[in-house]
Amino acid sequence: MKWSGQLNTETIDRVVREAGKETERSGAESESRLRFRLSLEEMLLNCREQCTEEAVFTLRMVRRGRCLAAELLLPEQYREDPAAPEDPLVRLRREWKRGTGRRKNSWLYTVSTERSFAELIRFIWNYTRPYKRWLLFVVLAQALRAAIQVIVPLISARVIISITDKATEQILLTAVILLVVNVISDVNFIFCNLAYNSVYNKTLTLLEEDLAHHALRITIQSVDRKGSGPFIQRLTQDTAQLASSLSALVDVISQFVEKIGILVAILIMDRVAFAVVAAILVLQVVIENIRTIRMKRDDQLFRNANERYTGFVNEMVRGMKDMKLADSENAFESEMVKRIREANHRRLKMWNHSAVYNLIRLLIESAGTFGFISVLVLLLVKGHIQPAEALVLFNYRSGIQLTTIQLIGAILQLIRETELSAERILAIIGGPEFPKETFGPRHLNRVEGEIRFEHVYFSYDRKYTRNPSGWVMKDMDFAIHAGETVALVGASGSGKSTILSLISKLYVASRGVVRIDGVDIRELDRETIRGHISVVTQNPYLFQMSIRDNLRLVKPDLTEDEMRDACRMASIDQDIMAKPEGYDSLIDENGVNFSGGQRQRLAIARALLKDSSVLILDEATSALDNVTQKKVWQAISAVGQSQKTVIIVAHRLSTVAGADRILMIDQGRVLDQGTHQELLARCGAYRRLYEAETESDAEQVQGRSG
Ligand code: ADP
């Protein structure tokens, strides 16, 4: 397909729409289609900004294997400007690869239509590769097992022939060989299982750890959009599903191999001496019974450990924002690794116990086979059966055909299940569906705390960046000096929290630049941004661990004195000490056993502990009573006087009246700025906000006295 036209809105809209349809026809998933359309639109709009509307472009799309290649030929005037790290350009440059040499004006984009099975196998192999020796052992053991299963019926046939010949010595000798071969087969089976379980368990551990690592780095925007469901499902259900389908697959394949040999022998046993087979069966059932009781207990322990892990994953997603802001990904990750390992260790233990019982069961079966042949000998010697009757036992081959077909069906189904789980997991690890946060290379050892917004535009949804009504922030331009205490005030929804999110790079400006200490925030690394900025929100997230461990998340080497000092400053020490277990008290899920005010104060203590250059408080004391609020503000003022930059968003103007400067925010831009007195004198909107607050306070006082 090929389109050409001038860079006017009409043509751009038409080409984008038709190119979108082309991706739909080629079977690309909806996420990739949307990304391509948005990227193409931005690319063309970007080009229009540099060139004129009359300039001509060409788009060509061709299918290449499982991908769709889009080639965009832009006018010569279009150039990339490496000096301008404008966000859309940075992203576009990553998405569109520029041609070289004579094709300098051509830009290439590849839309992935689906992942190949080979790609998925390669993906799983990445996690299995470290254990390839074990895997080789599994393959060799399986091969030995298959060989034995072919040999066993042959030996059995030898026994039968010997029986017809009444060569008793020969019979017993072959039976002994059969016993030895069976024991080797059983031991081989168990070792093969142990090795397989080990490979499976280690692979799963690596996979889950890697998945946790990647999930922690997904952008907040993507988490906002997707919700927690896909994360919880994919991190817990799909990894388990992938592992269990893989395990079932190996199991079914080995059954398949085994059936061909073993079934014949077992069918023979059933027919000849039912009593012997029944006795063996009863014994096996008894062992199986003991095994299941034991397994149930082991399974319980495993599930408990697994629940602790799953619960933590849930918390990770819900508390992701606070965790990122507290720069505690590493502490969180090590706790996660601990829980992953505990759960998987429990599972391995469960399997090992099960393997021991399987060994006993199989040995009984082998002994039973020996006993069964001995009975045959006895029957022959006593003349109860004729040699010809023994031969009849070979005729029970029907049914195997059916089993084989069923097994092939099961193998195919399992391959599909494995494929599906692998695809869903891969999407989190490396797919475009879950973009990861990106940071620049620049590291600042010291951050003074100067913050600057230069003509910043922002929209939460990329789709609306062309539509002026979609901007949450429009030409935001202000500076906060290092060491200053600045308050942001304005009506709810005016964009105050969005400013704070852009400072801590939870979101990235759609246009314009945010600078920290004069450096574009997009050039700075994660530690410089998150390590030097502390944020306390209105509903801070406390994790389901002790108070001490919650505080340790921001400072792993926390001392008792530091902890108590910070809590005293945040006026929460007394509340904690009043609890029977003090700082070791456990915080329930979502902090439900703490009041809103206590949670806020704990979060303030956590932020104070981080000792960062910039302290951001977003309605952080809204749930406190007046007396406590006053005390906490005194502590915060002390921080403000210690050369730290403090940025406050507070609903009550009386709490921010003492700030060095107040920015009045209105509909995504700075309406006015100055001290409380200056704004009262000249800013009507500010005065109205202040008067409304004083009036409502007076009404409340009246209401109480009335
Ligand atoms: P304020 O802090 O002044 O109350 P916010 O910065 O929270 O305002 O919100 C500004 C605008 O952005 C509001 O219209 C709000 O609905 C919207 N908004 C805030 N957060 C999100 C989000 N995560 N996704 C989409 N829109 C959002």
Answer yes or no: is there a side-chain heavy-atom contact under 4.5 Å between Ile425 and Thr239? yes

Whether the side chain of Ser613 engages the backbone of Val447 through a donor-acceptor N/O pair (distance < 3.5 Å, no angle test) should be reported. yes

Test side chain to side chain contact (heavy atoms under 4.5 Å, CB included) applied to Tyr686 and Glu678, step by step: CA-CA 10 Å; Tyr686 186 80; Glu678 284 167 358; over 6 Å; no

Strictly by modelled atom types, are Ser612 and His532 linked by a side-chain donor-acceptor pair under 3.5 Å? no

Check step by step if side chain to side chain donor-acceptor pair (under 3.5 Å) holds for Asp618 and Ser497. CA-CA 7 Å; Asp618 187 1; Ser497 303; 2.9 Å; yes

Nearest heavy-atom approach of Val456 to Ala509 is CG1-CB, 3.6 Å

Under 3.5 Å donor-acceptor, Glu484 side chain and His481 backbone: yes

For the residue pair Phe543 and Tyr541, does the interplanar ring angle fall in the parallel (under 30°), tilted (30 to 60°) or perpendicular (over 60°) class? tilted

Would a distance-only check, ignoring hydrogens and angles, find a side-chain to backbone donor-acceptor pair under 3.5 Å from Asp520 to Arg522? yes

Heavy atoms only: give me the nearest Gln544-Asp588 pair and the separation to one decimal. CG-C, 3.9 Å

How close do Leu671 and Cys683 get, counting heavy atoms only, and between which atoms? CD2-SG, 4.4 Å

Where the side chain of Asp517 meets the backbone of Glu450, is there a donor-acceptor pair that is under 3.5 Å apart? yes

Sub-4.5 Å side-chain heavy-atom contact between Arg669 and Met473: no

Are the side chain of Arg687 and the backbone of Leu680 linked by a donor-acceptor contact shorter than 3.5 Å? yes

Say you draw a straight line from CG of Leu679 to CD of Gln673; how long is it, rounded to the nearest 0.5 Å? 8.5 Å

Tell me, do Ile220 and Met320 make a side-chain contact under 4.5 Å, heavy atoms counted? yes

Beyond-backbone contact of Leu506 with Arg530, side-chain heavy atoms, under 4.5 angstrom: yes

Determine yes or no for a side-chain-to-main-chain donor-acceptor pair under 3.5 angstrom, with His213 supplying the side chain and Glu209 the backbone. no

In Å, rounded to the nearest 0.5 Å, how long is the span from SG of Cys567 to CD1 of Ile604? 11.0 Å

Just how far is it from atom CG of Asp477 to atom CZ of Arg452, taken to the nearest 0.5 Å? 9.0 Å

Classify the ring geometry of Phe453 against Phe478: parallel below 30°, tilted from 30° to 60°, perpendicular beyond 60°. parallel

Around Lys579, counting heavy atoms of other residues, nucleotides and ligands shown, do more than 12 lie under 6.0 Å from its NZ? yes

From CA spacing to verdict: side chain to side chain contact (heavy atoms under 4.5 Å, CB included), Ile533, Leu325: CA-CA 7 Å; Ile533 298 176; Leu325 295 173; over 6 Å; no

Taking the side chain as every heavy atom from C-beta outward, state whether Ile647 and Leu488 have any atom pair closer than 4.5 Å. yes

Charged N to carboxylate O below 4.0 Å: is that the case for Asp584 and Arg548? yes

Is there a donor-acceptor pair closer than 3.5 Å between any side-chain N or O of Lys610 and the backbone N or O of Gly531? no

Asn550 side chain vs Ser546 backbone, donor-acceptor pair below 3.5 Å: yes

Please tell me if the side chains of Ser494 and Lys496 come closer than 4.5 Å, counting only heavy atoms from C-beta onward. yes

Is it the case that the side chain of Ser328 and the backbone of Ala331 share a donor-acceptor pair, with hydrogens and angles ignored and the cut-off at 3.5 Å? no

Going through the distances and angles, do Glu335 and Lys338 end up as a salt bridge (charged side-chain N to carboxylate O under 4.0 Å, His left out)? CA-CA 5 Å; Glu335 177 66 21; Lys338 208 166 79 193; 3.2 Å; yes

Run the side chain to side chain contact (heavy atoms under 4.5 Å, CB included) check on Ile547 and Phe594 step by step: do they pass? CA-CA 11 Å; Ile547 297 178; Phe594 280 73; 3.6 Å; yes

Glu437: which of Arg526, Lys324, Lys505 passes salt bridge (charged side-chain N to carboxylate O under 4.0 Å, His left out): Lys324

Using modelled atom types and a 3.5 Å cut-off, is there a donor and acceptor pairing between side-chain atoms of Gln600 and backbone atoms of Pro540? no

Distance col, row Arg564:CZ vs Arg568:CZ, nearest 0.5 angstrom, shows 4.5 Å

Nearest 0.5 Å, what's the OH-OG1 distance between Tyr507 and Thr498? 8.0 Å

Working for salt bridge (charged side-chain N to carboxylate O under 4.0 Å, His left out), residues Arg442 and Asp525: CA-CA 5 Å; Arg442 212 155 148 196; Asp525 65 359; over 6 Å; no

Return the CZ to CD distance between Arg217 and Glu333, rounded to the nearest 0.5 Å. 5.0 Å

Flag yes if more than 12 heavy atoms outside Gln667 fall under 6.0 Å of its CD atom; otherwise flag no. no

Should Ile587 and Asn593 count as side-chain neighbours, where that means a heavy-atom distance under 4.5 Å? yes

Phe458 vs Leu502 side-chain heavy atoms within contact, under 4.5 Å: yes

Check Arg601 with Asp575, please: is the shortest side-chain N to carboxylate O separation under 4.0 Å? yes

Examine the side chains of Thr205 and Asn344 and answer whether a donor and an acceptor come within less than 3.5 Å of each other. yes

When every non-hydrogen atom of Thr645 is compared with those of Ala482, the smallest separation belongs to OG1-CA, 3.6 Å

Under the side chain to side chain contact (heavy atoms under 4.5 Å, CB included) rule, what do Arg606 and Asp322 come out as? Steps first, then yes or no, please. CA-CA 11 Å; Arg606 198 163 62 178; Asp322 284 46; 3.7 Å; yes

Using a cut-off of 6.0 Å, state whether more than 12 heavy atoms not belonging to Lys321 lie near its atom NZ. no

How close do Val536 and Ala607 get, counting heavy atoms only, and between which atoms? CG2-CB, 3.4 Å

Taking all heavy atoms of Ala566 and all of Leu609, pick out the closest pair and write down the distance. CB-CG, 3.7 Å

